[in-house]
Protein chains: 2
Amino acid sequence: MKDGTQTMTGEETARQRKPRSPNAPPNANGHHVSAVPAKNSDIVYQDLRRDIISMKLVPGTAIHEKEITQRYGISRTPVREAVLRLAEDRLIDVIPKSGTFVARIPLSMVREAIVARHALEAVTVREATLKASESQFMELGAIIQRQRERAEAGEEEAFHKADDDFHAAIAAAGRLAGIWDLIQQIRIQIERYRRLTLPQPGRMLKVVGEHEAILDAMKRREPDEAVNCMAYHLNKLQLDIAVFRDLWPNYFLFDPALDSELLAN
Amino acid sequence: MKDGTQTMTGEETARQRKPRSPNAPPNANGHHVSAVPAKNSDIVYQDLRRDIISMKLVPGTAIHEKEITQRYGISRTPVREAVLRLAEDRLIDVIPKSGTFVARIPLSMVREAIVARHALEAVTVREATLKASESQFMELGAIIQRQRERAEAGEEEAFHKADDDFHAAIAAAGRLAGIWDLIQQIRIQIERYRRLTLPQPGRMLKVVGEHEAILDAMKRREPDEAVNCMAYHLNKLQLDIAVFRDLWPNYFLFDPALDSELLAN
DNA sequence: TCGAATTTTCTGGTATACAAGATATATCTA
DNA sequence: TAGATATATCTTGTATACCAGAAAATTCGA
């Protein structure tokens, strides 16, 4: 329709500019850490993201850009930026000229996300088992201890923070910190599903025990065993679609092919 | 089935709207497939992405929003949208109040991307080996044949398209199509690196042979062997940083920790 | 009363203008 | 001439206005 977009060869760079050296190198991590004042769009993005993941905004909820605009006292542009980013994360659906809504949870994607996470955590723990240093083992032990304290205190949020730290530290020990970023991205899809599972009594302490088993296997430098422990640990989250379909039918997007799939397994 | 969605923390939703049924369900796949006219921002995004991945726009090149604006005859808003999406893909760096540039290739991330791809393709091919139907085997065979024809004709682009199709079909056969989307996202990071490797004579036909080996193992329903063949196939791309550091020092971002890492291996 | 056509009101997509900071250029001083 | 200062000109970030399309509300016709 428009032009052919052809063109553009080398002379694109009519004038070379020197990205000055003493600048915040676009952090390799996932998201803004630097000292620059957070952009408004980032604030809106993170707030919305948190509320969606925590199911405070349930699937199907309409997102009104204008209302957000007023609530934050900013214009539509940064709000729109945040909305678009969330759309790319598949957390909201933007329907042109109609509205934007919190996305329903695609169960088929949850299933695949669980599989993908398994595969990726397997490699990180394997590499970590092979490469971790003594100090990294000690750090992992410290994280487990912190997690146990939080579990006994019943501080769920701090407990989950320690859980995250443990897995992140394993990836770092395996020199695969970037893969942890990927795992976190995948977990977004799983997280909303997980929030709907009822907290089982004594679960937190069990998790601590499983973490200890993983660390023990790592210390013995037994990669296969470490992978097994990790798989057992992650398998705690199973996909039980029948229950959720009955309880919250409107929260999910059902893939007809998925049913027979899961029944077959 | 009307309605829906009631609920929720009330003050957030001033007024409930009903997401009409007969609409393009935000495709489960990765990126817009529907029949809606492509937005300008999508066009710019895909064009820029293609040019960056193909190294037509080399790392460090300045991206001038205004110039793109004129070239496409559109305003800054959609251009900016495309730029922001590419920034999230880590293909460009946006430096506030200064400029936006094609991102350098972080070698440490390339290394991790290769590892992650291995892990994910391993599970897809394993699942496919267990679940694939006869018709899916035939389809895979057809793709291989098409790829051979393109290889013999020396049509590199069509060859790579068939290569993609083969891997995608395997993921689909394993009922893990969503993971293929993930693999593609990971591959973006690897692709620019791969483009710098010199095309080796006869490589295309070798790839076809490796694909055949994978398919044979799948047909024999030997998951481990299929995974091995896949690993061999993917291992063709090795990370040889020394060469590239000398040839195109400005294209890469070097992680000091990475050197010792690779030398140790 | 019911259904179809029309109008009204919402939405997201786009264009444009302005603001704030960073870089490059020009100017001034010694 | 060399260095430092001031100015001009870039850049991205934000605010605002307008447009077209879709959904809902309304009106009109039988």
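Numbered from 1 within each chain, the chains take letters A, B, ... in sequence-line order. None of the values given here were measured: they were computed from a predicted structure.
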Practice task
Could you tell me whether B:K161 and B:D165 have a side-chain N and a carboxylate O separated by less than 4.0 Å?
Solution key: yes
Problem - With A:Y193 via ring-ring contact (aromatic ring centres under 6.0 Å, His included) - residues at least two apart - result: A:F244
Problem - Which residues share a salt bridge (charged side-chain N to carboxylate O under 4.0 Å, His left out) with B:E156, sequence neighbours left out - result: none
Problem - side chain to side chain contact (heavy atoms under 4.5 Å, CB included) involving A:L84 - partner list, sequence neighbours excluded - result: A:R80, B:E81
Please list each protein N or O that sits under 3.5 Å from an N or O in nucleotides 12-18 of chain C, with the distance.
{"residue": "C:dG12", "atom": "OP1", "partner": "A:T100", "partner atom": "N", "Å": "3.4"}
{"residue": "C:dG12", "atom": "O4'", "partner": "A:K97", "partner atom": "N", "Å": "3.4"}
{"residue": "C:dG13", "atom": "OP2", "partner": "A:R80", "partner atom": "NH1", "Å": "2.5"}
{"residue": "C:dG13", "atom": "OP2", "partner": "A:R80", "partner atom": "NH2", "Å": "2.8"}
{"residue": "C:dG13", "atom": "N7", "partner": "A:R76", "partner atom": "NH2", "Å": "3.0"}
{"residue": "C:dG13", "atom": "O6", "partner": "A:R76", "partner atom": "NH1", "Å": "2.8"}
{"residue": "C:dT14", "atom": "OP1", "partner": "B:N40", "partner atom": "N", "Å": "3.2"}
{"residue": "C:dA15", "atom": "OP2", "partner": "B:S75", "partner atom": "N", "Å": "2.6"}
{"residue": "C:dA15", "atom": "OP2", "partner": "B:S75", "partner atom": "OG", "Å": "2.7"}
{"residue": "C:dA15", "atom": "O5'", "partner": "B:S75", "partner atom": "OG", "Å": "3.4"}
{"residue": "C:dA15", "atom": "N7", "partner": "B:T77", "partner atom": "OG1", "Å": "2.8"}

Practice task
Check side chain to side chain contact (heavy atoms under 4.5 Å, CB included) between B:A169 and all other residues, then give those that pass, not counting sequence neighbours.
Solution key: B:L140, B:I143
Exercise for the section: Could you tell me the separation between the OH atom of A:Y72 and the P atom of D:dT14, rounded to a whole number of Å? Expected result: 14 Å
Fill in the blank from the handout: Sorted by chain and number, sequence neighbours left out, side chain to side chain contact (heavy atoms under 4.5 Å, CB included) with A:R194 holds for A:H160, A:E191, A:T197, A:R203, A:L237
Fill in the blank from the handout: Here the distance between atom C1' of D:dT12 and atom CG of B:D93, to the nearest Å, is 14 Å
Quick test: give all pairs of protein nitrogen or oxygen and nucleotides 5-8 of chain C nitrogen or oxygen below 3.5 Å, distance rounded to 0.1 Å.
none

Exercise for the section: Check side chain to side chain contact (heavy atoms under 4.5 Å, CB included) between A:R187 and all other residues, then give those that pass, not counting sequence neighbours. Expected result: A:R117, A:D164, A:I183
Practice task
Quick one: list whatever passes ring-ring contact (aromatic ring centres under 6.0 Å, His included) with A:F166, sequence neighbours left out.
Solution key: A:H211
